[in-house]
Asker: 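The following block contains the structure, expressed as structure tokens.
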Amino acid sequence: MHTMYFLSRFLRNPVKVASVVPSSKHLANAMLKDVNLQPGDSVLEYGPGTGSFTQQIVNSVRHSAFRGGRLRYLGIERDPGFREVVMGRFPDLDFHLGDVLDQRRLIEEYRLPRPRLIISGLPFVSIPQDITLDILHTARDLLVPGGFFRAFSYLHAWPTPGAFRLRKWMDEIFDSFELNGPIALNVPPAFVLSGRA
Ligand SMILES: C[S@@+](CC[C@H](N)C(=O)[O-])C[C@H]1O[C@@H](n2cnc3c(N)ncnc32)[C@H](O)[C@@H]1O
């Protein structure tokens with residue numbers, strides 16, 4: 001059901017949605033690998049779409065020391081249809097309808113403590129360079145020390161200038177940078193990019 005809905009949003013806005021189907025649980029797993037959220041941590045998600053990564057965040061919290069605690073989370077989604085879907089799936093979480101460019105103001109407005117994880121579903125390759133840089137620098141400033149920034153990059157886009165720039169900028173902006181993948185079982189296969197503050 002999420003797949004058909006995702007496809008319909010893609011057909012309306014291919015540049016902003018950038019993928020025909022939601023990310024798989026294989027990619028979602030890899031995006032959360034080694035993060036080990038603890039009680040008191042908070043999570044900021046860019047572009048949750050229909051909630052593939054959100055579900056994995058909720059699962060990892062359910063099976064950890066977090067158990068019983070309340071997950072502090074904010075998702076920022078610019079598509080009203082996707083926001084409706086995730087609000088229905090995760091009624092206990094906050095989803096703001098708006099643009100990631102406003103992340104600094106939004107985490108104050110929602111009183112979200114500085115995140116330990118910022119997880120991105122954004123199609124960085126199709127986002128203008130100055131905006132991508134602004135988002136990455138702000139994410140670096142917002143994270144707690146040792147916090148994680150996770151993004152993905154599709155295998156087919158790997159050699160393009162946009163994907164190369166994203167890797168280079170993440171390497172320069174974060175204290176450490178790692179690649180994981182490709183996650184071959186995702187459609188399309190994708191690498192996970194991990195920056196650490
Ligand atoms: C490739 S989809 C990924 C969705 C989901 N995270 C997944 O992996 O299945 C990109 C998502 O980012 C959202 N998006 C794109 N640009 C955005 C922006 N500037 N601010 C907030 N959301 C944005 C789109 O509406 C869409 O939901």
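Please read all numbers here as calculations on a predicted model, not as lab measurements.
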Asker: When you compare the side chain of Leu112 with that of Leu106, does any pair of heavy atoms fall below 4.5 Å?
Answerer: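 Of all side-chain heavy-atom pairs linking Leu112 with Leu106, none is under 4.5 Å.
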Asker: Mind jotting down which residue pairs meet the salt bridge (charged side-chain N to carboxylate O under 4.0 Å, His left out) criterion with at least one end in residues 110-120? Sequence neighbours excluded, please.
Answerer: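 Every salt bridge (charged side-chain N to carboxylate O under 4.0 Å, His left out) pair that includes a residue of residues 110-120, provided the two are not neighbours, is Asp41-Arg116.
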Asker: Give the minimum heavy-atom separation between Leu142 and Ile118, together with the two atoms involved.
Answerer: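 Heavy atoms only, the tightest pair is CB-CD1, 4.4 Å.
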Asker: The criterion is side-chain hydrogen bond (donor to acceptor under 3.5 Å, both in side chains); which residues satisfy it with Ser153, sequence neighbours excluded?
Answerer: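 If we apply the side-chain hydrogen bond (donor to acceptor under 3.5 Å, both in side chains) test to Ser153, skipping adjacent residues, there are no hits.
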Asker: Side chain to side chain contact (heavy atoms under 4.5 Å, CB included) between Val86 and Glu77: does it pass, once the steps are laid out?
Answerer: CA-CA 10 Å; Val86 280; Glu77 174 55 64; 5.5 Å; no
Asker: Check Gln103 against Ile135 and note the closest heavy-atom contact, atom names and distance.
Answerer: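 The answer is NE2-O, 3.4 Å.
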Asker: When the side chains of residues 176-187 are checked against the rest of the protein, which donor-acceptor pairs come out under 3.5 Å, sequence neighbours left out?
Answerer:
unit_1: Asn186; atom_1: OD1; unit_2: Ser24; atom_2: N; d: 2.8
unit_1: Asn186; atom_1: OD1; unit_2: Ser24; atom_2: OG; d: 2.7
unit_1: Asn186; atom_1: ND2; unit_2: Pro188; atom_2: O; d: 2.8

Asker: For Val58, run the side chain to side chain contact (heavy atoms under 4.5 Å, CB included) check against Leu93, Val43, Asp92 and tell me which one passes.
Answerer: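 Testing each of Leu93, Val43, Asp92 against Val58, the sole residue satisfying side chain to side chain contact (heavy atoms under 4.5 Å, CB included) is Leu93.
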Asker: Side chains of Phe148 and Leu143: closer than 4.5 Å at any heavy-atom pair?
Answerer: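 In short, these two side chains do not touch, never coming nearer than 4.5 Å.
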Asker: Any idea which heavy atoms bring Ile57 and Ser60 closest together, and the distance?
Answerer: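 Where Ile57 meets Ser60 most closely, the heavy atoms are O-OG, 3.1 Å.
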Asker: So, using salt bridge (Lys or Arg N to Asp or Glu O under 4.0 Å) as the criterion, who are the partners of Arg105 when residues are at least two apart?
Answerer: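 If we apply the salt bridge (Lys or Arg N to Asp or Glu O under 4.0 Å) test to Arg105, skipping adjacent residues, the hits are Asp102, Glu109.
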Asker: With sequence neighbours excluded, what pairs up with Arg196 under the side-chain hydrogen bond (donor to acceptor under 3.5 Å, both in side chains) test?
Answerer: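 Per chain and number, Arg196 pairs via side-chain hydrogen bond (donor to acceptor under 3.5 Å, both in side chains) with no residue.
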Asker: What closest approach, in Å, do Tyr46 and Leu122 show between heavy atoms, and which atom pair accounts for it?
Answerer: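 Scanning both residues, the minimum pair turns out to be CB-CG, 3.7 Å.
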Asker: His156: which residues meet the ring pair (Phe, Tyr, Trp, His ring centres under 6.0 Å) condition with it, sequence neighbours left out?
Answerer: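 By the ring pair (Phe, Tyr, Trp, His ring centres under 6.0 Å) rule, His156 matches Tyr154.
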Asker: If you compare all heavy atoms of Val35 against all heavy atoms of Met31, which two are closest, and at what distance to 0.1 Å?
Answerer: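 Smallest interatomic distance, heavy atoms only, reads CG2-O, 4.4 Å.
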Asker: When clusters are formed by joining ILVMFWY residues with side-chain heavy atoms under 4.5 Å apart, either directly or through shared neighbours, do Leu117 and Phe152 land in the same one?
Answerer: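 Same hydrophobic cluster.
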Asker: Side-chain atoms of residues 94-101: list all donor-acceptor pairs with protein atoms under 3.5 Å, sequence neighbours left out, distances to 0.1 Å.
Answerer:
unit_1: His96; atom_1: ND1; unit_2: Tyr110; atom_2: OH; d: 2.9
unit_1: Asp99; atom_1: OD1; unit_2: Leu101; atom_2: N; d: 2.8

Asker: Is there a path of hydrophobic side-chain contacts, each under 4.5 Å between heavy atoms of I/L/V/M/F/W/Y residues, joining Met87 to Ile119?
Answerer: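 Yes; tracing contacts between hydrophobic side chains, which count when under 4.5 Å, links both residues.
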Asker: Could I get the full list of ring pair (Phe, Tyr, Trp, His ring centres under 6.0 Å) partners for Phe174, not counting sequence neighbours?
Answerer: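 For Phe174 the ring pair (Phe, Tyr, Trp, His ring centres under 6.0 Å) partners, ignoring immediate neighbours, are Phe149.
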Asker: Identify each donor-acceptor pair in which a side-chain atom of residues 161-171 lies under 3.5 Å from a protein atom, sequence neighbours left out, and give them as a table.
Answerer:
unit_1: Arg167; atom_1: NH1; unit_2: Trp158; atom_2: O; d: 3.1
unit_1: Arg167; atom_1: NH2; unit_2: Trp158; atom_2: O; d: 3.3
unit_1: Lys168; atom_1: NZ; unit_2: Glu172; atom_2: OE2; d: 3.2

Asker: Measure across Gly121 and Phe53 and return the closest heavy-atom pair with its distance rounded to 0.1 Å.
Answerer: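 Scanning both residues, the minimum pair turns out to be CA-CE1, 4.2 Å.
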Asker: In chain order, what residues pass the side-chain contact (heavy atoms from CB on, under 4.5 Å) check against Pro113, with sequence neighbours excluded?
Answerer: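 In terms of side-chain contact (heavy atoms from CB on, under 4.5 Å), with neighbours along the sequence ignored, Pro113 is linked to Ser42, Arg72.
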Asker: Quick one: CZ on Arg89 to OG on Ser52, what's the gap to the nearest 0.5 Å?
Answerer: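 Reported value, rounded in 0.5 Å steps: 6.5 Å.
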Asker: Membership question, hydrophobic clusters at under 4.5 Å side-chain separation (ILVMFWY): are Ile76 and Ile127 in the same one?
Answerer: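 Same cluster: Ile127 reaches Ile76 through Ile, Leu, Val, Met, Phe, Trp or Tyr contacts under 4.5 Å.
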Asker: Quick test of your reading: applying side-chain hydrogen bond (donor to acceptor under 3.5 Å, both in side chains), list the pairs with at least one residue in residues 25-34, sequence neighbours left out, ordered by first then second residue.
Answerer: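 side-chain hydrogen bond (donor to acceptor under 3.5 Å, both in side chains) check on residues 25-34 returns Asn29-Gln56.
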Asker: For residues 127-140, pull every pair meeting salt bridge (charged side-chain N to carboxylate O under 4.0 Å, His left out), keeping only residues two or more places apart or in separate chains.
Answerer: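 Listed once each, the pairs are Arg140-Asp175.
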Asker: Spell out, yes or no, whether Phe82 and Leu74 are grouped together once hydrophobic residues are joined by side-chain heavy atoms under 4.5 Å, including indirect joins.
Answerer: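 They do not share one cluster, since no chain of ILVMFWY contacts under 4.5 Å joins Phe82 to Leu74.
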